[in-house]
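Remember, it's a predicted structure, so these values are computed and weren't measured experimentally.
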Amino acid sequence: MAWKTYSTTQITEVRPYIPGEDMTNIEVSQADMDNGSPLQGDMIGRDPNKPGREWVIGGAFFREYMKEVRKGKFHGMTFYRWHTYKDML
């Protein structure tokens with residue numbers, strides 16, 4: 001059986017982690033805790049379809065793999081433009 005390459009189409013809302021903020025309802029994976037998260041530079045993600053579900057996204061992972069999505073219109077059609085963290089610097 002041959003391997004095929006896929007990408008997810010999930011959209012995640014993201015904001016910066018604020019050191020000292022209440023983490024009561026924010027999920028932190030064991031792997032992130034083992035790496036010291038939450039840390040300055042980490043991000044908090046949430047599912048736009050379930051805004052009450054929030055989780056930590058490690059800063060290094062975010063900068064390497066996540067892209068900002070900007071929605072626009074062109075001749076009445078909706079399009080999305082992807083921006084990497086590096087594009088925003």
Between T24 and D22, do the side chains contain an N or O donor and an N or O acceptor separated by less than 3.5 Å?
-> yes
Less than 4.5 Å apart, any side-chain heavy atom of [X] and any of [Y]?
X	Y	result
E21	I26	yes
D42	I57	no
I44	V56	yes

D34 atom CG: more than 12 heavy-atom contacts under 6.0 Å | yes
Are L39 and M43 connected in the hydrophobic side-chain network, where two residues link if heavy atoms are under 4.5 Å apart?
-> no
Take V14 and F62 through the side-chain contact (heavy atoms from CB on, under 4.5 Å) test and state the conclusion after the steps.
-> CA-CA 10 Å; V14 178; F62 174 79; 3.8 Å; yes
Would you call E27 and R46 a salt bridge, using N to O less than 4.0 angstrom?
-> no
Under the criterion side chain to side chain contact (heavy atoms under 4.5 Å, CB included), which of E13, R15, M23 is the partner of E54?
->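 Between E54 and the candidates, side chain to side chain contact (heavy atoms under 4.5 Å, CB included) is satisfied uniquely by R15.
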What's the verdict on side-chain contact (heavy atoms from CB on, under 4.5 Å) for T12 and W55, showing C-alpha distance, side-chain angles and the deciding distance?
-> CA-CA 11 Å; T12 302; W55 62 91; 3.5 Å; yes
